[in-house]
Amino acid sequence: MSLRINIFLIIILMMFLFSCSKDRYASINISKPSNGEVFTAPEVIQVIATLSDGDALGCERLTVTKQNGANDTVINFSDNQQIASYTFNKNFVSESNTTYKIIVSACAEGVLTGDTIFVHAN
């Protein structure tokens, strides 16, 4: 009887250990706009990004800056929800002859992960 209990406990322990695989990096997908996309000012640029982690995200951030020498900030948004999935959906009006740097980042397991794209408005 004790052999069956030991085997049962070993199986339960193995199931627990293998089901708790932790991914240390957030997955980031910027679906809008595309890297290198060109807009016609004063077109509205919509930024849609999905961040996910199997365990929990933290410090979700979206930053948009003009690449004009002064690097003026257009959007500086952050949230600190502890959730498995998060979606940004933010807009800004483009200015002519301006390149924008879009950075989306998040923390997972204390590790900051980010993705960066550039778009331009004529």
Side-chain angles (χ1 to χ4, degrees):
M1 185 76 158
S2 67
L3 181 60
R4 283 186 177 170
I5 292 173
N6 288 341
I7 291 173
F8 177 75
L9 291 174
I10 290 171
I11 290 171
I12 296 295
L13 179 62
M14 289 177 63
M15 288 173 49
F16 175 75
L17 289 175
F18 289 113
S19 69
C20 292
S21 64
K22 294 204 179 257
D23 49 338
R24 291 187 47 116
Y25 303 98
S27 172
I28 297 173
N29 178 31
I30 302 173
S31 54
K32 273 188 160 187
S34 300
N35 189 32
E37 191 168 347
V38 178
F39 297 87
T40 302
E43 191 172 349
V44 172
I45 299 176
Q46 181 180 28
V47 180
I48 299 176
T50 303
L51 303 84
S52 60
D53 181 70
D55 302 312
L57 293 167
C59 65
E60 304 86 9
R61 295 182 186 142
L62 170 62
T63 306
V64 178
T65 56
K66 295 180 192 178
Q67 300 300 284
N68 59 359
N71 294 330
D72 296 330
T73 300
V74 178
I75 297 175
N76 187 13
F77 180 81
S78 65
D79 203 342
N80 289 311
Q81 292 189 33
Q82 298 294 315
I83 55 177
S85 180
Y86 191 93
T87 300
F88 286 112
N89 188 346
K90 302 288 182 185
N91 301 313
F92 64 95
V93 178
S94 63
E95 296 177 11
S96 62
N97 299 316
T98 305
T99 298
Y100 297 93
K101 180 179 184 180
I102 301 170
I103 303 171
V104 177
S105 61
C107 296
E109 300 290 320
V111 177
L112 181 64
T113 304
D115 195 7
T116 302
I117 65 169
F118 293 88
V119 298
H120 185 78
N122 290 327

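Every heavy atom of this structure was used, including side-chain atoms; hydrogens, water molecules and symmetry mates were not.
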- Message: Working note: Lys66 + Glu95, criterion salt bridge (Lys or Arg N to Asp or Glu O under 4.0 Å); need CA distance, chi angles, decisive distance, verdict.
- Response: CA-CA 9 Å; Lys66 295 180 192 178; Glu95 296 177 11; 2.9 Å; yes
- Item | CA sep, side-chain torsions, deciding dist, call: Tyr100, Gln67, side-chain contact (heavy atoms from CB on, under 4.5 Å) | CA-CA 6 Å; Tyr100 297 93; Gln67 300 300 284; over 6 Å; no
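Rounding to the nearest 0.5 angstrom, the gap separating the OG1 atom in Thr87 from the CG atom in Asn29 is 9.5 Å. Annotation: the span from Leu62 atom CG to Ile30 atom CD1 amounts to 8.5 Å, rounded to 0.5 Å. Taken from CZ in Arg61 to CG in Asn80, the straight-line distance is 7.5 Å, to the nearest 0.5 Å. Distance CD1/Ile102 to NZ/Lys32: 12.0 Å, rounded to 0.5 Å. For the atom pair CG of Asn97 and CG of Asn122, the computed distance is 6.5 Å after rounding to the nearest 0.5 Å.
When all heavy atoms of Leu112 and Cys59 are compared, the pair lying nearest together is CD1-SG, 4.4 Å. Leu51 approaches Leu57 most closely through the heavy-atom pair O-CD1, 3.4 Å. Scanning all heavy atoms of the two residues, the minimum distance from Ile28 to Ser105 falls at CD1-CA, 3.8 Å. Taking each heavy atom of Val93 and Pro42 in turn, the nearest pair found is CG1-O, 3.4 Å. Considering every non-hydrogen atom in both Asp53 and Tyr25, the closest pair reads OD1-O, 3.6 Å. A pairwise comparison of heavy atoms in Glu60 and Tyr86 identifies CG-CG, 3.8 Å as the closest pair.
With respect to Lys101, the side chain to side chain contact (heavy atoms under 4.5 Å, CB included) criterion is satisfied by exactly one of Thr65, Thr63, Val119: Thr65.
Side chain of Ser31 to main chain of Ile48: a donor-acceptor pair is present (N/O by atom type, distance under 3.5 Å, no hydrogens or angles). In this structure, Ser94 contributes its side chain and Glu43 its backbone to a donor-acceptor pair below 3.5 Å.
Side-chain contact between Phe92 and Val44 is absent, with no heavy-atom pair separated by less than 4.5 Å. In this structure, Asn35 and Glu37 have side chains that are not in contact, with every pair of non-hydrogen atoms separated by 4.5 Å or more. Side-chain contact check for Lys90 versus Phe77: some heavy-atom pair is nearer than 4.5 Å. At a threshold of 4.5 Å between non-hydrogen side-chain atoms, the residues Phe39 and Pro33 count as touching.
Side-chain polar atoms of Gln46 and Asn89 form a donor-acceptor pair below 3.5 angstrom.
Val47 and Ile103 are not part of a single hydrophobic cluster, where members link through side-chain heavy atoms under 4.5 Å apart. Follow the hydrophobic side-chain contacts under 4.5 Å out from Phe88 and you reach Ile83 in the same cluster.
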